[in-house]
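Structure, as structure tokens:
In each ligand, atom 1 is the first atom listed, and ligand 1 is the first ligand listed. The figures that follow rest on heavy atoms only: side chains count, while hydrogens, waters and symmetry mates do not.
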Amino acid sequence: MSSCLDAARPETAPAETFRFRPAIHFTAKNTWLNDPNGLVFHNGLYHLFFQNNPYGNVWGNMSWGHATSRDLLHWTEHPIAIACDAAEDIFSGSVVVDEGNTSGFGTVDAPALVAIYTSAYKAASEHSGTQAQSLAYSTDAGLTWRKYEGNPVLTRNSAHFRDPKVFRYQGDRGACWVMVAVEAQHQKVVLYRSEDLKSWDFLSEFGPANADAGEWECPDLFPLPVDGDPHNIKWVLIVNVNPGAVAGGSGGQYFVGHFDGVRFVADACSVAVPGGVSALGDSAAAAAALRQCLWLDWGRDCYASVSFSNVPDGRRIIMGWMNNWDYANHLPTAPWRSSMTLAREVRLTAVNGSARLIQEPVLADPCAGEELPAAKDQMTTDTFELRNSALRLPDAVPGSAQIIEAEILPGSAERFDFRLFGSSDGSKGTILSYNTTSAQLVLDRRQSGNTGFHGKFPSVESAPLVLEDGVLTLRIVVDHCSVEIFAQGGKVVLTDLIFPETENRENWLSAEGGPATILKLSVSTLN
Ligand code: FRU
């Protein structure tokens, strides 16, 4: 293990960074994390493996950390699952439950968990300079892992072939394992099939298309019914891109289409720019085209989102890394650095005749078999009118996350603002606005608190948002260093990190330019 001790030791925690530790988002206890890996539900537990530096709080020594949860909110961290060594770093990948024991690693009665990860080979390896796909398996329900002696199981002699997501495919020609991975620098998703997880045959490739100005990473492919109709199944291909996302730096896009066991074909309406936006250069047309692509999240801080395998009842739950490679190593926290987003249940719904993803945060999970402690109400209101005035909402509560739910009929108001973690003089805060003229939801974190640790951190994000029956519906989850916004029932999602000053805890809602009707407003806490 000492062979990969090449990163900084965790700093001693400066007192002021303690308060940024999230209440309901996963962080490693005192180390660095990035992408969620090997998300799988097994024996009543959600397993979250993750890119982890066991020796420091910046990227390096990549290994798979491990945590489990019954409800996707309370996590227990376990020892490192798969550790880097002199020959390889353990990059991102997935875990499947090998029902049927196709790999021979377990038994039919006690199927093994099999991890398919990227071996990022180092100088000491005979494969040095390449990235290839390898296996590790666990026969004790994910607690300990053994690498397969036949690794790697799939190589293309490429330096950027990585991030395998494997799933069980059942089609007219029977069942097999399918892998989606990337040729990151060619902006391609590559697909392979296997009977036993050990030997893989090439199927097809997809891309470049839409956002392709950076490397393509961490893909996922899964089926979902449109509006719950079992006769109308579409496939969703998630492709993370870094840099070149809509808010700058890293972000996640998706395509909707059809997968026949060999090839993914995107519906024409999910491909805004068939050849990819990079062909348009650094132009206004490219920037406009980027906003036509389908984004999982319009904020700065949601990357590498992939889904859990094996979740019962056909539910599809994704989770992302709440950070951006633009400044990831510089976040002002110690000894931990970086957290995951909330788990989000995704569904497909028809929007103007096209299937689109909606996401809802998982704040109470039926699979957990237990009731979560109910969120504590801080405030609920009946309908009222807000006219050129500001309403003070309950303050942020240290130790808890806050959930603000609102249904607003903007009427003749030109805009209204939520000011979160605000100062009493009104000069500081994170501003979430809806602008009725431009029909944009805007998040401005330039005065959110500590923004000075990296030049690319102060920012303003926006997402196009169409009112439905004139109404804006918002669910805002505010934790100690993040804001996640789920608007219009999860059709528009926006996630940003923030690092507010301790003394700034005031929350306000205001309307400008005319009266707005607040149909519903509630604020509750969860810890
Ligand atoms: C995405 C990524 C992956 C890679 C991992 C390395 O954030 O770059 O492509 O497997 O991180 O930590």
(message) Ignoring hydrogens and geometry beyond distance, is a side-chain donor-acceptor pair present between N324 and S250 at under 3.5 Å?
(response) yes
(message) Which of the numbered atoms in ligand 1 are under 4.0 angstrom from any heavy atom belonging to W325?
(response) 1 (C), 7 (O)
(request) Please identify which atoms of ligand 1 are closer than 4.0 Å to at least one heavy atom of S92. (result) 5 (C), 10 (O)
(request) In plain terms, say whether R168 and E99 are close enough for a salt bridge, that is, a side-chain N and a carboxylate O under 4.0 Å apart. (result) no
(request) Number the atoms of ligand 1 from 1 as they appear, then name those within less than 4.0 Å of a heavy atom of N34, with their elements. (result) 5 (C), 7 (O), 11 (O), 12 (O)
(message) Taking the basic N atoms (NZ, or NE/NH1/NH2) and the acidic carboxylate oxygens, is any pair closer than 4.0 Å for E360 and R475?
(response) yes
(request) Could you tell me whether the side chains of T349 and K491 share a donor-acceptor contact shorter than 3.5 Å? (result) no
(request) Please round to the nearest 0.5 Å and tell me the distance separating atom CZ of F421 and atom CZ of R445. (result) 14.0 Å
(message) Looking only at protein heavy atoms, which one is nearest to atom 8 (O) of ligand 1, and what is the separation?
(response) E217 OE2, 2.9 Å
(message) Here's one to test your reading of the geometry: is the NZ or CZ of K165 within 45 degrees of the ring axis of F222 and under 6.0 Å from its centre?
(response) no
(request) Considering only non-hydrogen protein atoms, determine which one is nearest to atom 11 (O) of ligand 1 and report residue, atom name and distance to 0.1 Å. (result) D35 OD2, 3.1 Å
(request) Salt-bridge test for K188 and E205: reply yes if a basic N is under 4.0 Å from a carboxylate O, no otherwise. (result) yes
(request) Would you kindly specify which portion of D89 sits under 4.0 Å from ligand 1, judged on non-hydrogen atoms: side chain, backbone, both or neither? (result) neither
(request) Provide the number and element of each atom of ligand 1 under 4.0 Å from a heavy atom of Q51. (result) 5 (C), 6 (C), 12 (O)
(message) Polar contacts were defined as any N/O atom of the residue lying under 3.5 Å from an N/O atom of the ligand; does this apply to W321 and ligand 1?
(response) no
(message) Is it the case that ligand 1 has an N or O less than 3.5 angstrom from some N or O of Y303?
(response) no
(message) Counting non-hydrogen protein atoms only, what is the nearest one to atom 4 (C) of ligand 1? Give residue, atom name and distance.
(response) D163 OD1, 3.5 Å
